[in-house]
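Presented below is the structure to which this report refers.
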Amino acid sequence: MGTASSLVSPGEVIEDGYGGEGGEACEIPVEVKPKARLLRSSFRRGPRVIGASFKSTGSVDLEYAAEYERLRKEYEIFRVSKNNEISSMQKKEAKLDEENKRLRAELQALQKTYQKILREKEGALEAKYQAMERAATFEHDRDKVKRQFKIFRETKEKEIQDLLRAKRDLEAKLQQFQAQGIQVYDPNDSDSDDNQTTVTAAGTQCDYWTGGVLGSEPSMGSMMQLQQTFRGPEFAHSLIDVEGPFANVSRDDWDAAVASLLQVSPHVPQALWSNTVRCYLIFTQETKAEVDVFIKKHSPVLRKMCEGLGHFYLNIFFPEESAASYALERKQEIERSSVCVLSVVEDGEEAFVRNPDGHPLVLYLRTGEDHNLTGPTRQLLERVNAADKAAKVKVVDHSGSVEDGADLIYAQLEKLIKQELLGLEAADIDSKDSGIEEGREEDSGDVLWDLHDEQEQIESYQQACSSTTSQLGFQKYIDRLNDMIAAPPPTPPLLVSGGPGSGKSLLLSKWIELQQKQSPNTLFLYHFVGRPLSTSSEPVLIIKRLTVKLLQHFWSISGLSMEPSKILEEFPRWLERLSARHQGNIIIIIDSIDQIQQAERHMKWLIDPLPVNVRVVVSVNVETCPQAWRLWPTLHLDPLIPREVRSAVNAECQSMDLKLTKDQEKKLERHCRSASTCNALYVKLLARIITGSCWSQEKSMEQCLQCQDTMSLYRLALKMMLNCLNTDRERHIMRELLCLVCASHNGVSESEVLDLFPELELPALSSMLYCLNRLCIVTLRCGLIRFQHLQAWEAVRSEFLSGRSSAATYRDKLISYFSQQLSQDCVTWRVADELPWLLQQQEDRTKLQLSLLNLFVSQNLYKRGHFSELLAYWQYVGKDKSSMASEYFDSLKHYEKSCENEDGMTKLANLYETLGRFLKDLGLPSQAVAPLQRSLEIRETALDPDHPSVARSLHQLAGVYVQWKKYGNAEQLYKQALEISENAYGAEHASVARELESLAMLYQKQNKYEQAEKLRKRSVKIRQKTARQKGHMYGFTLLRRRALQLEELTLGKDSADCAKTLNELGVLYYLQNNLDAAKIFLTRSLEMRQRVLGPDHPDCAQSLNNLAALHTERREYETAEDMYERALDIRKKALSPDHPSLAYTLKHLAMLYKRRGRLEKAVPLYELSLEIREKSFGPKHPSVATALVNLAVIYCQLKKHSDALPLYERALKVYEDSLGRSHPRVGETLKNLAVLSYEEGDFEKAAELYKRAMEIKEAEPSLVCGNAPSRHSSSGDTFIFVFNQ
């Protein structure tokens, strides 16, 4: 046994190699048993210690090896176990992560559930409070009804006692007379109806019994309710009143109609061709200098003014050296021009003398120093003065410098454009454009219109109607369409199907035109859907426009929402409410509905059941028709037959003085046998190529016969058009022009094309557009160059935008052009329409956001009603409502720093107001208060606390408080706005009416119905008076101009047309309150018709009817009665027993009898009217119920209560089934039944009926606000049409 003393000396400190503390060395005996051969080198840790034995060293090394082996094994075991633990922990961690995710998802779901339950709880609490309010209101109403009925009963009992006393007194006097031997006259012994006593229904003296009582005229068939529907030349809707476009129209109704129209409809200037002020300049070398100065110096000013007002401005002139080569274009431009500046004698005859009604004329005369005119100039002036009956010629006589002459032309043109072309009032002539815009906005109230959308629809319809269909065999489709529309309700939507270019739009437009002639008292609304992604195919804008068009027949439009989702959601409800309150059928026609974006989603209301008096017609391409709609009744347009193809081509050739040979006709007939070559568009385009090509007729025919569909034919037309141009530069411009139109949002204007191509002269552009229009490729609509057909757009896209060229390239060009305008602070409606859309198509979110943050761009979009478009841009950028609002606030704060003068502060206030209205419409009233408050502060500081603009800010701020239901604050603000408006404009201004309407709606929400009714009546009176004052701009001047034109037509020989013109003249003067002149022309019309047509002709009955209406208004009842009876005799002989015109005369004659107290004579007429209505509409139509009420009223006045009761009950049943139990006509019928029950002595039933009638009356205003839907309607016709361009 050895020791380890040689390794460590006693007392030496040993260091722990594993990190433990050291200890003191001591001698420990150790026995080493070597088990293997030890190598000395294996255990050497350093230099060998001198004096140490090998044996002791080997034993220690062996001990270390064993220890090392043991530790190594333990380490391996420890490492493996720890690795296992680590992997186990990793698995547990992954499992815990999954569990954590699951728990987080459950937590989110629970949070959503909690929020939902919280909202439901809040909704339940709100419903509870509303129920409690309704209960309290019901208790209040019940007490009110009790008090009213108590007063009613006491009043009637007192009247009965008075009548009994009077009866006893009369009986006593009668006995005295008989005792004295005096004979008493008995009315029953007389045969004359004039001596009959007029019986007044009981209850008419009671203040609480307002509305349609038995004896009052308004209750005749709920006439009080019917009179709320405005009528006029365009607004007469009753099917029974078929009397021509203006016949038998009350002046009060006409005033009310114009007043209603002023509330919602923009004024579209009629003097402009396609929304463009086209100034046609005719000059010579002597006056060229003045014209050059005018074009360089003043034309940009006029253009900026016109574009600021939403119109285009264009100078049209043809240089003398090239005028001869543009003969057709010059003639077309003269016809289209809005104003002509003439400084040359030779063209004066063509420009004005031959067409004095065409356009105003500014005649610039350059005289010498002696101011003498040359002979030809003097003769021209004489001819112009002789032709100028409407004072359209403005003569500028100048002998000074060229600059002064140009200034005079500009001054005269500016005044003429503002006053005569744009229809601005005289007070606005010298005002700034911004002020004019403010006035226009104030006219329209809170409804935001887009004037350009409206004019686009008007021009689309006019262009569609200008096409001829006589050769296309559409009459059979028109007859079938009439039959389908006349089918008894309820009917699903009607489907008009056909291939592309089959003529669906043409058919429906011609059908409208025929219906307007056959049913002149029908109102037509239409909408043409354009190509995909254009504004006219935007579903929210379409539905909003149709809603507002419907609402122009309401007496209030306060319930209309601007939020896109609500517009789509509420349209069917508005449709139901109008159908219930409107005296007419509503026929909605949507042409090419497949071009509307997401049509099935946005037109879901088509699938729902429609009211009984609503019809819907939609047309689609056969290939793209949704499957769910294929079950509807369908009218399919078949391909044209060879005879129709030949007739259409020959008609086009005849218009161009050409004729096809027999061989060419046979080739054409053999070619046009397939469906793709026999549609209307293909045939029309083929005929245009043959007759208008620069190629020979044989070559054109040969090329056309190689085209098997419309697309290939359009490609041929494009190829032919390029070949006909003279230079490569012109061909390049044409390609670029068509590509720009294809890449744009809504097209490009002529002035924009001239800006984009400075080298292009207007005569060349005019010629190019003339040829492209003739080839059915492009057209001008609302001043913009657009494609005529969807297939033309597809052909241009496939022909010119494939390969290297792409739409993105041309969008970049347009972006550069409009961005340049934006950088120059020139924000027009075109910049706002095009630039954001183009940036969105280019997917440039950064620049799109920058363009939207240009406050004037957003303001332009919002004020024109493009609310949904503006929201869509922000959603595309990735901003929600709150972040969008903060972005606008920041931009406004930045813009405010640059505003120093009064004009800048006014614009800033307008921007703040627009932002506030925008946020209010978004449903963010808390964020809308700040900008509206700031707008109010700026206007009070920069302008004046009593300035009318301050009233506008107060009005908008009050609207926010109404949304918050802080009615006290809102009432105070409305009253302040009312006071300011009255002080600024007077008590009878449209702004005052607007504030009165808002206050009335506020009181209505607070159940203060009496105060609301007073304010509403005052507002209606103001609207009527302002309608008369503004009539020169909106309607009455058109009537006077039309009257002057018609007077010139009546100077010829006697004829049926001349008599018709005289009749129309009489009605026009009648509408202008000139009854004496109206009587003269109506009498002349009657006399001429009797001479030309014979005394028993139906047209004579029309003149008699109109004269009778005039005499009735002048209270000449005997003459009116005689004329009505003569008209009735004529119509009984000439017309069928159930003809609407016969019913019309019966109705008015019966009303006249009733007014004169001849009730017995009125009874058979009302019975016959009832019979006609039952045959025309069926026994369950609301119109029949109206006739039943009319007859029941007469029976009640004759004390035939037993005969009246079943009529009332039947009318009530029809009204409830067709219009709903809460309809106002149901309430009025219940009132009449209550009076009848009281007269019969059944007081309990009378109280019950009266209570229900009052409940309906008090709930009636909520129909206008949009809180309670109604169901169906009554009689007449109103049409809504939506068309494809």
Side-chain angles (χ1 to χ4, degrees), residues 263 434-435 437-448 556-560 562 859 862-863 889 892 896 902 905-922 924-1006 1008 1011-1012 1014-1016 1018-1019 1022-1023 1026:
Q263 295 182 46
S434 60
E437 285 298 316
E438 287 184 18
R440 288 189 172 188
E441 178 190 348
E442 195 164 335
D443 283 341
S444 63
D446 291 329
V447 177
L448 303 173
S556 176
I557 54 173
S558 304
L560 181 61
M562 288 292 107
Q859 183 186 46
Y862 176 75
K863 285 194 171 184
F889 274 122
L892 269 174
E896 188 171 353
E902 181 179 334
M905 297 303 291
T906 302
K907 290 181 179 179
L908 178 64
N910 291 338
L911 290 172
Y912 270 117
E913 181 189 340
T914 302
L915 177 59
R917 294 176 65 180
F918 181 53
L919 296 176
K920 183 181 71 172
D921 290 339
L922 277 176
L924 301 173
S926 58
Q927 298 187 43
V929 170
L932 290 175
Q933 190 71 42
R934 181 61 182 147
S935 172
L936 177 61
E937 294 172 0
I938 293 172
R939 283 171 172 164
E940 287 180 338
T941 305
L943 300 174
D944 186 81
D946 294 329
H947 194 275
S949 297
V950 176
R952 286 172 47 200
S953 294
L954 292 169
H955 177 91
Q956 297 299 335
L957 198 57
V960 177
Y961 285 114
V962 170
Q963 285 189 356
W964 278 345
K965 298 187 178 179
K966 296 182 178 180
Y967 298 137
N969 296 341
E971 181 179 357
Q972 183 180 2
L973 293 174
Y974 277 138
K975 286 183 177 179
Q976 291 179 21
L978 176 62
E979 182 180 358
I980 292 173
S981 297
E982 286 179 337
N983 293 335
Y985 299 118
E988 295 181 342
H989 192 268
S991 300
V992 177
R994 179 188 178 194
E995 304 304 333
L996 290 171
E997 288 171 0
S998 301
L999 265 175
M1001 293 299 299
L1002 180 63
Y1003 287 144
Q1004 187 173 291
K1005 292 178 182 291
Q1006 297 175 280
K1008 300 177 181 179
Q1011 298 180 43
K1014 290 179 182 178
L1015 295 177
R1016 186 170 290 112
R1018 183 184 165 194
S1019 171
I1022 294 174
R1023 290 288 187 186
T1026 54

Quick check: do [X] and [Y] have side-chain heavy atoms less than 4.5 Å from each other?
| X | Y | answer |
| --- | --- | --- |
| V950 | L943 | no |
| Y862 | D921 | yes |
| N910 | Q859 | yes |

Which pair of non-hydrogen atoms, one from [X] and one from [Y], has the smallest distance, and what is that distance?
| X | Y | answer |
| --- | --- | --- |
| A987 | I1022 | O-CD1, 3.4 Å |
| A909 | I938 | CB-CG2, 3.9 Å |
| R1018 | V992 | NH2-CG1, 4.1 Å |
| S981 | A951 | OG-CB, 3.7 Å |
| I980 | D946 | CG2-O, 3.5 Å |
| S926 | W964 | CA-CZ2, 3.3 Å |

### Message
I'd like to know if the side chain of T941 and the backbone of E937 have a donor-acceptor N/O pair within less than 3.5 Å.
### Response
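Yes; at least one donor-acceptor contact below 3.5 Å.
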### Task
Kindly indicate, with the supporting measurements, whether the criterion side chain to side chain contact (heavy atoms under 4.5 Å, CB included) is fulfilled by R1016 and L996.
CA-CA 7 Å; R1016 186 170 290 112; L996 290 171; over 6 Å; no
#### Entry: Intermediate values then yes/no, side chain to side chain contact (heavy atoms under 4.5 Å, CB included), L915 and L932
CA-CA 8 Å; L915 177 59; L932 290 175; over 6 Å; no
Report the distance from atom [atom1] of [X] to atom [atom2] of [Y], rounding to the nearest 0.5 Å.
| X | Y | atom1 | atom2 | answer |
| --- | --- | --- | --- | --- |
| K975 | S998 | NZ | OG | 14.0 Å |
| R934 | L908 | CZ | CG | 6.5 Å |
| Q976 | L957 | CD | CG | 9.5 Å |
| F918 | L922 | CZ | CG | 4.5 Å |
| E979 | L954 | CD | CG | 10.5 Å |

### Task
Answer yes when R952 and E913 have at least one side-chain N-carboxylate O distance shorter than 4.0 Å, and no when they do not.
yes
### Message
Salt bridge check, E997 against R994: does any charged N sit closer than 4.0 Å to a carboxylate O?
### Response
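Looking at E997 together with R994, the answer is no, because their closest N to O distance does not fall below 4.0 Å.
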Between [X] and [Y], a side-chain donor and acceptor under 3.5 Å:
| X | Y | result |
| --- | --- | --- |
| Q956 | K920 | yes |
| R939 | S953 | yes |
| Y912 | Q933 | no |

### side-chain hydrogen bond (donor to acceptor under 3.5 Å, both in side chains) partner of Y1003, chosen from K1014, E971, K1008
E971
### Task
Output, in order, the C-alpha distance, side-chain angles, deciding distance and verdict of side chain to side chain contact (heavy atoms under 4.5 Å, CB included) for H955 and L973.
CA-CA 7 Å; H955 177 91; L973 293 174; over 6 Å; no
